[in-house]
Amino acid sequence: MRQFFYKSGLILVILTMVSVLFGLCGIAVVKQNNIYKPIPGMSSDYVIFYPQSDQPSNCGYYSGILRGISEYQVKGIKLQGGCAVDLGKSEYEGIKLLRGRLFSPEEYNSGANVVLVREDMLKLCRQENNQTWLYIHNADYLVVGVYSKGNINDRRSNKYLVNLYAKGIMDQVQGSYGFCDNGKESTAAFQTAGIFGNDKMTCNKAEDETAKLNQNMQSSINGAIAMYLSVSIVVLLNIFSAIYIWLRGRRKEIVLRKLAGAETWQIFWWIVREFMIFVLGTFVVGMAIVKIILIFLKRWEFSASMIAIFGTEMEWIGILLALIMILIIGLVIISVVVGRYLRKEIIQLVRQE
């Protein structure tokens, strides 16, 4: 049975599965350290703020505070389903426009009800007088641009971007939090506006407010992580078994090399070298499978929680962590098992064979 397992290549399947799972795990570790960004192209240094429980949270209140921040690249309010934003300069490149334009300074100044919509939201728009309109927040908004849909499975993904100063959102629409991005000077911009130190507001760097930023995804993420951990435990047990059985299949060769007078370090290096070639080959196959999974997540609606955990792009630092972890586990097992073989007398190894 052992020889069948070894020769049939099932160990290749197990190590490939381990590579896939460890690869996804490494990507998830790196991904969870990435900060959610309400608008594509924002830096990781942005700041968010929200009022204390006894303070108003309507867009008029947020907008009044944000108007006082003059140094910014992007500022806005996170809404249910979208954002109200001031993108500053009209040449902002973070949003991939498919057609149309961004908001103009005149529209900001006048408080025009204008909106950018995600590509898949066009089916909810209506055409009237050669113009496209979207009805949200109990008002009509003129669609001036359409942007790439991006990760629509992520529940935090914006379906629309409204003019930050639009009259239609001022009083009746509630915001989750306000945000401002000016790179590494984001905190200074908030301090200039007098928001930090205000006992009516909670202000923090985004990296310190992950619970707030992920509040719509937390239950999905927790459920997916629990399932992922249970599968990881089973596969982790398999990698121990697979490497041990692979080593038992090489025991006869170890005996022959020892009979031929090979030094202990030579035998150990021979096993380690073959193991590394073996692992690298299966790891490449595993990463190809991971890439296919991420492409699938990116192109088709499948699972919001999986996108929240793994994203849709390869994280090479995470991949490297996965490879290092597999190699460490393998080297530990090899050191223990091969060391035990080599400590035995040759006659004992021959009898066992």
Side-chain angles (χ1 to χ4, degrees), residues 12-46 93-96 98 118-120 147-158 206-207 210 213-214 216-218 220-236 238-239 242 275-331:
L12 288 172
V13 176
I14 289 180
L15 284 182
T16 301
M17 290 172 58
V18 168
S19 297
V20 171
L21 197 60
F22 277 44
L24 288 173
C25 184
I27 290 172
V29 169
V30 175
K31 176 70 177 176
Q32 296 312 306
N33 290 327
N34 292 340
I35 300 171
Y36 166 69
K37 300 170 184 177
I39 308 298
M42 290 176 60
S43 75
S44 298
D45 298 302
Y46 77 97
E93 298 179 353
I95 299 172
K96 297 179 181 179
L98 300 177
R118 200 170 66 187
E119 183 182 10
D120 58 305
Y147 60 89
S148 175
K149 61 185 180 181
N151 296 335
I152 62 174
N153 290 309
D154 189 336
R155 295 176 189 173
R156 302 165 300 181
S157 178
N158 297 312
E207 61 186 10
T210 54
L213 299 176
N214 295 326
N216 293 332
M217 290 295 299
Q218 206 59 51
S220 295
I221 291 175
N222 290 340
I225 288 177
M227 180 182 69
Y228 186 78
L229 287 175
S230 63
V231 174
S232 298
I233 292 172
V234 174
V235 174
L236 188 60
N238 281 336
I239 189 175
F275 173 74
M276 291 185 69
I277 294 172
F278 200 46
V279 168
L280 289 174
T282 55
F283 193 79
V284 169
V285 175
M287 291 309 98
I289 295 173
V290 168
K291 183 63 177 178
I292 292 172
I293 292 172
L294 296 180
I295 291 174
F296 184 77
L297 288 175
K298 187 173 184 178
R299 293 188 179 180
W300 289 278
E301 296 184 17
F302 179 68
S303 170
S305 57
M306 287 187 69
I307 286 182
I309 295 174
F310 305 122
T312 56
E313 302 293 339
M314 297 286 276
E315 296 282 357
W316 296 109
I317 295 178
I319 297 300
L320 180 61
L321 288 174
L323 178 58
I324 291 173
M325 184 61 67
I326 293 173
L327 289 175
I328 289 174
I329 292 174
L331 291 175

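Just so it is clear, the values below take in all heavy atoms, side chains as well, and ignore hydrogens, waters and symmetry mates. Count residues from 1 along the sequence.
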Set of residues satisfying side-chain contact (heavy atoms from CB on, under 4.5 Å) with respect to Thr282, sequence neighbours excluded: Leu12, Leu15, Thr16, Ser19

Atom pair CD1/CE of Ile326 and Met276 - distance to nearest 0.5 Å: 12.0 Å

Ile324: partners by side-chain contact (heavy atoms from CB on, under 4.5 Å), with sequence neighbours left out: Leu320, Ile328

Worked verdict on Leu323 versus Val279 for side chain to side chain contact (heavy atoms under 4.5 Å, CB included): CA-CA 9 Å; Leu323 178 58; Val279 168; 4.3 Å; yes

Between side-chain atoms of residues 22-29 and protein atoms elsewhere (two or more places apart, or another chain), which donor-acceptor pairs fall under 3.5 Å?
none

Met325 atom CE: more than 12 heavy-atom contacts under 6.0 Å: no

Asn158 side-chain N/O to Pro38 backbone N/O, donor-acceptor pair under 3.5 Å: yes

side-chain contact (heavy atoms from CB on, under 4.5 Å) partners of Ile295, counting only residues at least two apart: Lys291, Arg299

Val20 to Val290 - nearest heavy-atom pair and separation: O-CG2, 3.8 Å

Ile319 side, atom CD1; Ile317 side, atom CD1 - distance, nearest 0.5 Å: 11.0 Å

Main-chain N/O of Ser148 paired with Lys96 side-chain donor or acceptor, under 3.5 Å: no

Of all pairs that satisfy side-chain hydrogen bond (donor to acceptor under 3.5 Å, both in side chains), the ones with a partner from residues 314-331, not counting sequence neighbours: Asn34-Glu315

Glu119 CD to Tyr147 OH distance, which is reported to the nearest 0.5 Å: 11.0 Å

